[in-house]
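The figures that follow rest on heavy atoms only: side chains count, while hydrogens, waters and symmetry mates do not.
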Amino acid sequence: LPPAASLPPPPPMVVDQAQFDEPPRVLEPGPGAAIDSPLMQFNEIIEGPRPSLVPAGSAPEPLPPKGSEQGVLSVDEAQWQFELSRPGKLVQIGWMVSGEVVVGNHRGCGVVVPEVQAFPGQSFVTLDYFRLNIRGKKGRIELLHDGDCRMISNSMEVNTTDTLDGVRLEIVRRDRNLEPDFDITLDLRLDPALPDPRARMLTVDVSDRLTAALFTTGLPLRRGRRIRLGSLEVTATFDGEQLVLSDYLTSYRLAGGGFRPCFVRDGDKPYRTLPEDGAPVVLRVGDTLIASPCAFRFEPA
């Protein structure tokens, strides 16, 4: 073979510039076709067989990491300002409780009351506050931790009570100096509209903005956001008037068959189960969603 230096130079590459000048094309599926491409996401739910497609840049906000199942749940103090200022809001108003339930600040509890994270890297101790045993009109409540919580019955602080009506549970939240900052107030209410006849609603007083900040998920306008609602993982899309929940079937359906106890209520109408085919659920102002055991109310700004 002749040496490389004696080989003739390769012919110049000819590029058809026209192929780069043509704008990209998007192929829309026919009626009823499924969209499973990772490059496309639904931007909004509309009536009719054909969804509207948007590029990946408008994909729903991703779900934050779930973290340790036993870890303390906390809300960043800086983040709650952002959540409260978004156009739409899903506010957790309480929990549907029955049987034995522990109230604490970590994910190992049936009822989780988050801490306030005042600075990055702040650490918390896992705490159990109360143990509830609810059987409809009967039950018992025990105080499990003395110092950061208290139970008020008949205007007196008690450690245990078999009287559920009129009981108030208070949990202290502290500032960055570990001084008491504000109290979170919980009340047990007998609600005949609940789908479980043995359950009561453990409500949280969100009239105080500091408390509401811990239990509010903000929603952007006309863009989906992937969020957790109790036992559900959903894509929530707010169009300025109503909220559409979609893509929840995987977390709604149980591995062994059946479905998790999740319900929706239109205004004052009776609760109904979520659709078993995963069809989108529409919430309007004042509507309620129960995703076992958490209860949420849709509130626009």
Side-chain angles (χ1 to χ4, degrees), residues 32 34-36 42 44-49 51 60 63 66 69 88-101 107 109-112 132-137 139 188-204 206 215-217 219 224-239 241-300:
I35 299 177
D36 56 6
F42 291 113
E44 58 184 0
I45 304 297
I46 59 175
E47 294 183 358
L63 194 69
K66 192 172 183 180
E69 289 296 328
K89 300 181 184 68
L90 261 179
V91 181
Q92 185 173 349
I93 57 174
W95 302 261
M96 183 177 69
V97 294
S98 63
E100 184 173 312
V101 179
R107 293 182 175 91
C109 298
V111 171
V112 184
L132 285 62
N133 201 316
I134 306 299
R135 302 184 305 277
K137 294 182 179 180
L188 267 177
R189 298 180 183 177
L190 189 62
D191 185 352
L194 292 176
D196 182 353
R198 291 189 178 273
R200 285 197 175 214
M201 183 66 78
L202 181 63
T203 64
V204 56
V206 292
F215 294 95
T216 297
T217 299
L219 303 166
R225 182 181 185 186
R226 195 69 179 164
I227 58 177
R228 291 189 186 93
L229 300 175
S231 56
L232 288 180
E233 294 184 1
V234 308
T235 297
T237 306
F238 174 53
D239 67 2
E241 295 184 1
Q242 62 187 25
L243 178 65
V244 178
L245 306 179
S246 59
D247 303 323
Y248 57 83
L249 190 57
T250 300
S251 57
Y252 180 36
R253 181 185 290 145
L254 295 170
F259 297 86
R260 299 183 187 278
C262 299
F263 312 90
V264 64
R265 187 184 191 191
D266 302 332
D268 294 330
K269 294 181 180 179
Y271 282 96
R272 67 180 191 277
T273 60
L274 266 61
E276 296 180 8
D277 60 356
V281 174
V282 177
L283 298 183
R284 296 174 177 83
V285 176
D287 288 353
T288 307
L289 172 77
I290 295 179
S292 58
C294 304
F296 303 87
R297 184 174 59 222
F298 171 48
E299 299 181 354

Quiz item: So how far is it from Ile290 CD1 to Thr273 OG1, rounded to the nearest 0.5 Å?
Solution: 12.5 Å

Self-check item: Straight-line distance of Arg225 CZ to Thr235 OG1, nearest 0.5 Å
Solution: 11.5 Å

Quiz item: Shortest non-hydrogen contact from Arg265 to Ala193?
Solution: NH2-CB, 3.5 Å

Quiz item: Taking the side chain as C-beta and beyond, is there a heavy-atom pair between Leu90 and Ile227 under 4.5 Å?
Solution: yes

Quiz prompt | Set of residues satisfying side-chain hydrogen bond (donor to acceptor under 3.5 Å, both in side chains) with respect to Ser231, sequence neighbours excluded | solution = Ser292

Quiz item: Of all heavy-atom pairs between Glu100 and Asn133, which one has the smallest distance, and what is that distance?
Solution: OE1-ND2, 4.0 Å

Practice problem: Sorted by first residue and then second, give each salt bridge (Lys or Arg N to Asp or Glu O under 4.0 Å) pair with at least one member in residues 266-275; sequence neighbours left out. | Solution: Asp266-Arg272

Quiz item: Does Arg135 CZ have over 12 foreign heavy atoms under 6.0 Å away?
Solution: yes

Quiz prompt | Residues in salt bridge (Lys or Arg N to Asp or Glu O under 4.0 Å) contact with Arg297, at least two apart in sequence or another chain | solution = Glu299

Practice problem: Please examine the side chains of Thr250 and Glu233, heavy atoms only from C-beta on, and report whether any two atoms are closer than 4.5 Å. | Solution: no

May I have the list of side-chain donor-acceptor pairs in residues 197-204 shorter than 3.5 Å, sequence neighbours left out?
from	atom 1	to	atom 2	distance (Å)
Arg200	NE	Gly136	O	3.0
Arg200	NH1	Asp165	OD1	3.0
Arg200	NH2	Asp165	OD1	3.2
Thr203	OG1	Asp187	O	3.2

Quiz item: Which atom pair, heavy atoms only, marks the closest approach of Ile134 to Val97?
Solution: CG2-O, 3.9 Å

Exercise. Please name all residues satisfying side chain to side chain contact (heavy atoms under 4.5 Å, CB included) with Thr216, sequence neighbours left out, ordered by chain then number.
Key: Leu84, Lys89, Val91, Ala212

Quiz item: Who passes ring-ring contact (aromatic ring centres under 6.0 Å, His included) against Tyr271, sequence neighbours left out?
Solution: none

Quiz item: So which heavy atom on Leu190 is nearest to which on Lys137, and how close?
Solution: CD2-CG, 3.9 Å

Quiz prompt | Arg260 side chain vs Ser251 backbone, donor-acceptor pair below 3.5 Å | solution = yes

Quiz item: Which residues pass the side chain to side chain contact (heavy atoms under 4.5 Å, CB included) test with Pro293, sequence neighbours left out?
Solution: Trp95

Quiz prompt | Contacts of type side chain to side chain contact (heavy atoms under 4.5 Å, CB included), residue Val281, not counting sequence neighbours | solution = Leu245, Tyr248, Val264, Leu274, Pro275, Leu283

Quiz item: So, for Val206 and Gln92, which heavy atoms are closest and what is the spacing to 0.1 Å?
Solution: CG1-O, 3.7 Å

Exercise. Report the distance from atom CG of Leu249 to atom CZ of Phe259, rounding to the nearest 0.5 Å.
Key: 6.5 Å

Self-check item: Residues that Ser98 engages under side-chain hydrogen bond (donor to acceptor under 3.5 Å, both in side chains), provided they are two or more places apart
Solution: Asp196

Quiz item: If you round to the nearest 0.5 Å, how far is CG of Leu194 from CE of Met96?
Solution: 6.5 Å

Quiz item: Can you list every pair that meets salt bridge (Lys or Arg N to Asp or Glu O under 4.0 Å) and has a residue in residues 275-288, with sequence neighbours left out?
Solution: none

